[in-house]
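Worksheet: the structure to be examined is printed underneath.
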Amino acid sequence: MILRCSACATVAVDGALLCATCGDLLAFELDPARIDAANIRALLTARRTSNDHRDRSGVWRFRELLPPVPYEAIVTLREGDLPLYDAYTGAAYAGVDRLTYLHQGMNPTASFKDCGMTVAISNARARNARVAVCASTGNTSASMAAYAARAGIHAVVLVPATGISESKVAQTLDYGATVLAIDGDFDAALAAVRKLDPTRVAVVNSINPYRIEGQKTAAFVLLEARDWSVPDWIVLPGGNLGNTSALGKGFREALALGLIDRLPRLAVVQAAGAAPFARAFASGTALEPVVAKTTATAIKIGAPASWKKALREVHASGGTVLAVDDDAIADARAVIGADGIGCEPASAASLAGLRALVAGGTIARGADIVAVLTGHVLKDPQYVAHYHASGAARANPIVRVRDEAELMARIDALAGMPVPAVGR
Ligand code: F0G
């Protein structure tokens, strides 16, 4: 695989983070001619019965399509084999006949970051890195801390001192990382990280091209689980825009290898108070950073690092970008929970965005749609508890019972009511 600048195509040296010529982000380039595409499906099927730890990972199972990492350096927590779920209530809420969730929150540290982190930290270990650093709204830090702990690498995270989920910080502390809380937002933290010398410390934000390579495998996992049938639309939340870049790249590579015959369209959804990418897409002009404001704290990002890469993927797929407000995200999140699934607030931007795209006529009721859920419901329990106590549209408040008679009466009343008709 060749590492090149994603903007000017200059070839870069392995280990670099930015193009030496123009300063833009780097990307690995897969040469389809060097892959035995005809045998990939058979190889993947054979790996299902293998106990090699790489074959049990939904990332390393696709190692022929990843930059090479020595066997001994690989740090895996069996990430990436993500479930697809039918979304009954979600489909009705969005106004479509059928909807599927790809749940990336079912990863070892409960977010999609693990798919990229296993590759970035394995590469850091292969390079004998002693310290790994990231800026984070919480999920990258939890993921990096876990993989670094297992690799024997010091983990240092830069997080905003306020406004990120306590659960994510708790995970990060538990895995032993040094947490540096700054007076500033994610964008300030990432700006500081970008000043570090990548030859001294491993920078594992999604500006690191190894992260993107790991995350692209979610596209392969999704397609494989659908027997390589291509959905019409993939709807996903957008913050720093690494995941959009990664999924777009994965689908393009699957097409180049002949595993699929067309690309799904990407719909990227931002929170209205953190929507510089939606604005840039609509205006056709360069992204103007904003000071981000949203209760979906994972995507509270005003200067997304990967916007140019992501824009190319959205255009290549014939996709779109939109913004939804925080109340729409909050209700959509509860709808996802009501199907017995659940996700964190930022993830629910996908369902809220889908609903808006169906209402606006961009996505047809009969389309084949996959909404990506990026993080687990337990990532932000304070938000969930607050929602259900709030009197919001989908709130399900705790019922306080006075005595045993009331308790029995309430259970009896439910026993006499029709059961909800879902997914039967
Ligand atoms: N969903 C969740 C749950 C996230 O944690 C993030 C980003 C996104 C969506 C957006 O993905 O940045 O690839 O567009 N979280 C980062 C973090 C910024 O630090 O955990 P993106």
Side-chain angles (χ1 to χ4, degrees), residues 25 102-107 109-117 120 133-146 157-160 163-165 167-169 171-172 177 179 185-190 193 203-208 211-212 214-216 218 234-250 266-271 274-278 287 292 294-307 309-311 313-314 321 329 333 336 342-353 371-380 383:
L25 300 185
L102 171 70
H103 206 328
Q104 300 195 295
M106 299 301 180
N107 262 308
T109 78
S111 84
F112 72 97
K113 306 290 181 177
D114 296 340
C115 300
M117 204 54 76
V133 186
C134 71
S136 183
T137 55
N139 281 328
T140 304
S141 64
S143 182
M144 182 188 79
V157 310
L158 269 66
V159 293
I164 71 170
S165 152
S167 308
K168 297 174 186 178
V169 178
Q171 272 185 298
T172 307
V179 175
D185 56 12
F186 170 85
D187 300 300
L190 186 60
V193 166
V203 172
V204 300
N205 278 102
S206 56
I207 55 175
N208 179 330
R211 274 276 309 278
I212 302 299
Q215 281 175 219
K216 80 180 181 190
I234 305 285
V235 190
L236 78 163
N240 213 22
L241 298 169
N243 215 25
T244 304
S245 314
L247 287 175
K249 187 173 195 283
L266 300 179
V268 181
V269 191
Q270 298 207 286
F277 188 53
L287 182 134
T294 168
T295 52
T297 55
I299 50 173
K300 191 176 161 209
I301 296 172
S306 293
W307 75 268
K309 279 187 181 181
L311 189 61
E313 300 299 351
V314 172
V321 186
I329 291 174
R333 202 208 57 75
I336 294 164
C343 65
E344 68 168 283
S347 308
S350 58
L351 181 62
V372 179
L373 305 180
T374 45
H376 198 277
V377 61
L378 293 177
K379 282 287 190 176
D380 201 342
Y383 179 105

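Every number for a ligand or one of its atoms is a count from 1 in the order of the listing. None of these values were measured; they are calculated from a predicted model.
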Q) Mind checking what makes side chain to side chain contact (heavy atoms under 4.5 Å, CB included) contact with A275, not counting sequence neighbours? A) Q270, A278, R279, A323

Q) When you measure from atom 5 (O) of ligand 1 to every protein heavy atom, which one gives the shortest distance, and what is it? A) N139 ND2, 2.8 Å

Q | Enumerated ligand 1 atoms positioned under 4.0 Å from heavy atoms of E344 | A | 3 (C)

Q) Side chains of K309 and I212: closer than 4.5 Å at any heavy-atom pair? A) yes

Q) Which of these passes side chain to side chain donor-acceptor pair (under 3.5 Å) with N139: K379, K113, Q171? A) K379

**Q.** Numbered atoms of ligand 1 (with element) below 4.0 Å of G238, judged on heavy atoms
**A.** 14 (O)

Q: For atom 6 (C) of ligand 1, find the nearest protein heavy atom and state the residue, atom name and distance (0.1 Å precision).
A: F112 CE2, 3.7 Å

Q. Atom CG of N205 and atom OG of S306: how far apart are they, to the nearest 0.5 Å?
A. 9.5 Å

Q: Check whether any side-chain N or O of S350 sits under 3.5 Å from a backbone N or O of L236 as a donor-acceptor pair, and report yes or no.
A: no

Q) Any idea which of L247, N243, V157, V268 brings a heavy atom closest to atom 13 (O) of ligand 1? A) N243

Q.
Show the atoms of ligand 1 that are less than 4.0 angstrom away from any heavy atom in I301.
A. 18 (C)

Q | Sub-4.0 Å atoms of ligand 1 with respect to non-hydrogen atoms of I299 | A | 8 (C), 9 (C), 10 (C)

Q) With I301, which of N240, D185, L190, T294 fulfils side-chain contact (heavy atoms from CB on, under 4.5 Å)? A) N240

Q. When you measure from atom 1 (N) of ligand 1 to every protein heavy atom, which one gives the shortest distance, and what is it?
A. T374 OG1, 2.7 Å

Q | Residue S136 vicinity, atoms of ligand 1 by number, heavy atom under 4.0 Å | A | 17 (C), 19 (O), 20 (O)

(Q) Checking the side chain of S141 only, and the main-chain atoms of G138 only, is there a donor and an acceptor separated by less than 3.5 Å? (A) yes

Q: Can you pull out the closest protein heavy atom to atom 15 (N) of ligand 1? Residue, atom name and distance to 0.1 Å, please.
A: K113 NZ, 3.0 Å

(Q) For atom 21 (P) of ligand 1, what's the nearest protein heavy-atom neighbour? Residue, atom name and distance, please. (A) L241 N, 3.4 Å

Q: Assess L236 for proximity to ligand 1: is some non-hydrogen atom of it under 4.0 Å away?
A: no

**Q.** Close-contact set for ligand 1 against G242 heavy atoms, below 4.0 Å
**A.** 13 (O), 14 (O), 21 (P)

(Q) Taking 4.0 angstrom as the limit and counting only heavy atoms of N240, give me the atoms of ligand 1 inside it, by number and element. (A) 12 (O), 14 (O), 21 (P)

Q: Measure from the side-chain N and O atoms of H103 to the backbone N and O of G342, and report whether any donor-acceptor pair falls under 3.5 Å.
A: yes

**Q.** Minimum non-hydrogen distance to atom 20 (O) of ligand 1, winning option of L158, N205, T140
**A.** T140

Q) Who passes salt bridge (charged side-chain N to carboxylate O under 4.0 Å, His left out) against K168, sequence neighbours left out? A) E344

